[in-house]
Amino acid sequence: MDAVVFPAAGRIEVSSVPDPKCGREEVVVRVARAGLCGTDIHIHRNEYLSPFPLIPGHEFAGEVVEIGADVRHLQVGDRVAVDPNIDCLACEFCRRQQNNHCSNWAGIGITRPGAFAQFVAAPARVAYKLPETIDDAQAAFIEPVSCVVHAMNRLPFSAGDTVLLFGAGPIGLVLMQMLKLRGASTLVVVDRQPHRLALASQLGATHALLADESLDEALKTIAPAGFAIVADATGVPAVIQRAFDYLRPCGAYLQFGVSPKDKTIALSPFRIFKHDWTIIGTFALRYTFEPAIALLASRAIDIAPLISDVLPLQQFEQGFTAFEKGQSLKVQFTP
């Protein structure tokens with residue numbers, strides 16, 4: 001089969017590789033759509049958890065073409081989306097229903113072969129049968145929407161809260177829609193790309209601000225005492241450090257964006273103490289595929305405007321480069 005391979009950090013190849021084998025408790029999925037994620041950039045730069053060589057791709061959906069001998073709940077021909085997080089079900093964290101912190105965690109497209117390929121193997125228990133009302137483009141968005149659902153489950157939020165969000169990339173715009181659904185009264189989105197800000201306004205932001213020299217004054221005019229919720233969807237350490245300047249006392253900060261694993265910021269512990277701040281991390285997802293499917297099937301979350309490119313696998317490097325430079329939104333591939 002054809003597949004994208006990261007043979008080493010900073011390198012991309014489209015190669016012919018062996019088809020995946022199907023274990024007794026696994027399925028093999030013919031990939032219909034696979035989405036490019038900011039995490040794939042971190043993997044490519046060796047800033048994440050992944051070994052090389054690797055077939056990346058963890059946002060995907062497709063059709064079951066083979067089932068293992070012990071699989072009962074799926075059949076050949078079923079359309080499925082696959083949770084790429086594979087937990088062991090036996091460690092302390094799994095038994096506490098914290099499967100995203102599994103001591104023996106593996107990830108499709110992260111630590112094992114992923115979906116930027118014609119076929120991918122996965123444990124049947126992480127494959128979710130899709131309703132007919134969800135198309136392939138939406139289905140490949142289930143994983144990122146699931147990550148947003150997990151973040152919202154962790155975030156203390158009251159209807160009418162004021163919210164400041166840094167980052168209007170595809171996942172930031174999904175997070176923005178969820179914050180709007182939860183009842184944000186003021187929803188300010190900040191980004192460096194005017195076209196992304198225009199889309200944020202279209203999707204419900206009350207203010208869409210360019211990250212330039214006028215930003216500080218504009219934010220302090222909108223919320224002189226600070227915002228109840230400040231969230232980062234950029235992963236950029238300099239942005240994250242600055243974000244705390246706009247968090248009001250008793251406010252909550254959400255770290256959603258992925259930063260390089262070796263980067264740090266400077267934050268005074270006294271400020272955390274004095275301002276009664278709540279600081280929340282949110283890693284991946286935690287049993288949130290079902291609500292994500294429901295949100296997409298009901299059209300409560302609109303992903304159609306977020307897809308800028310649909311490309312064949314042979315144009316992966318072209319799509320990857322444009323995405324890395326911020327010249328596109330969500331890029332999906334059709335292996």
Going from [atom1] on [X] to [atom2] on [Y], what distance comes out if it is rounded to the nearest 0.5 angstrom?
X      : Y      : atom1 : atom2 : result
Lys180 : Ile301 : NZ    : CD1   : 12.5 Å
Arg248 : Ile229 : CZ    : CD1   : 8.5 Å
Gln315 : Thr334 : CD    : OG1   : 9.0 Å
Gln138 : Ile307 : CD    : CD1   : 8.5 Å
Arg196 : Asp191 : CZ    : CG    : 5.5 Å
Phe116 : Phe316 : CZ    : CZ    : 4.5 Å

Mutual orientation of the aromatic rings belonging to Phe320 and Phe6 [parallel < 30°, tilted 30-60°, perpendicular > 60°]: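 It falls in the perpendicular class, over 60°.
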Evaluation steps, side-chain contact (heavy atoms from CB on, under 4.5 Å), between Ile303 and Leu296: CA-CA 8 Å; Ile303 58 90; Leu296 287 163; 3.8 Å; yes
Looking only at atom types and distance, does a side-chain atom of [X] sit under 3.5 Å from a main-chain N or O of [Y], one as donor and one as acceptor?
X      : Y      : answer
Thr234 : Val236 : yes
Asp19  : Met1   : yes
His275 : Leu247 : no
His42  : Val258 : yes
Asp309 : Leu311 : no
Thr278 : Ala252 : no
Glu25  : Pro123 : no
Ser328 : Ser308 : no

Side-chain heavy atoms of [X] within contact of [Y], under 4.5 Å:
X      : Y      : result
Leu181 : Met152 : no
Glu143 : Leu285 : yes
Gln332 : Leu36  : no
Thr221 : Glu217 : yes
Cys37  : His58  : yes
His150 : Phe283 : no
Met176 : Leu187 : yes
Ile240 : Phe166 : no

Do the side chains of [X] and [Y] get close enough for a salt bridge, i.e. N-O under 4.0 angstrom?
X      : Y      : value
Glu26  : Arg24  : no
Arg30  : Glu66  : no
Lys263 : Glu47  : no
Asp245 : Arg271 : yes
Glu63  : Arg79  : no
Arg125 : Asp87  : yes

Connected via hydrophobic side-chain network under 4.5 Å: [X] and [Y]:
X      : Y      : answer
Val149 : Ile142 : yes
Val126 : Ile134 : no
Phe60  : Val64  : yes
Leu215 : Leu197 : no
Ile279 : Leu164 : yes

Candidates Thr162, Leu219, Leu165, Val163 - the one meeting side chain to side chain contact (heavy atoms under 4.5 Å, CB included) with Val188: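 Going through the options one by one, the only one that passes is Leu219.
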Member of Val120, Val80, Leu74 meeting the side chain to side chain contact (heavy atoms under 4.5 Å, CB included) criterion with Val27: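 Among Val120, Val80, Leu74, the one meeting side chain to side chain contact (heavy atoms under 4.5 Å, CB included) with Val27 is Leu74.
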Stepwise side-chain contact (heavy atoms from CB on, under 4.5 Å) test for Val230 and Leu254: CA-CA 6 Å; Val230 176; Leu254 177 70; over 6 Å; no
Closest heavy-atom contact between [X] and [Y]?
X      : Y      : answer
Val31  : Ala115 : CG1-O, 3.6 Å
Cys88  : Cys102 : N-SG, 3.2 Å
Ala106 : Thr111 : CA-OG1, 3.3 Å
Ile55  : Ala3   : CD1-CB, 4.0 Å
Val145 : Ala292 : CG1-CB, 3.7 Å
Phe52  : Pro7   : CB-O, 3.7 Å

Worked check of side-chain contact (heavy atoms from CB on, under 4.5 Å) between Ile272 and Phe244: CA-CA 10 Å; Ile272 302 171; Phe244 285 93; over 6 Å; no
Is the number of heavy atoms from other residues, nucleotides or ligands under 6.0 Å of [X] [atom1] greater than 12?
X      : atom1 : answer
Arg192 : CZ    : no
Gln241 : CD    : yes
Gln75  : CD    : no

Modelled atom types, side-chain donor and acceptor of Asn100 and Tyr287, under 3.5 Å: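 Per modelled atom types, Asn100 and Tyr287 side chains form no pair under 3.5 Å.
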Verdict with supporting geometry, Phe323 and Ile41, side-chain contact (heavy atoms from CB on, under 4.5 Å): CA-CA 9 Å; Phe323 182 72; Ile41 293 175; 3.6 Å; yes
Row check, Tyr48 ring normal vs Lys261 NZ/CZ: under 6.0 Å, within 45°: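 Verdict for Tyr48: no cation-pi partner in Lys261.
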Test log, rule salt bridge (Lys or Arg N to Asp or Glu O under 4.0 Å), inputs Arg45 and Glu324: CA-CA 11 Å; Arg45 295 173 180 172; Glu324 187 176 29; 3.2 Å; yes
Kindly say whether the aromatic ring centers of [X] and [Y] come within a distance under 6.0 Å.
X      : Y      : answer
Tyr246 : Phe227 : no
Trp105 : Phe93  : no
Phe270 : Phe273 : yes

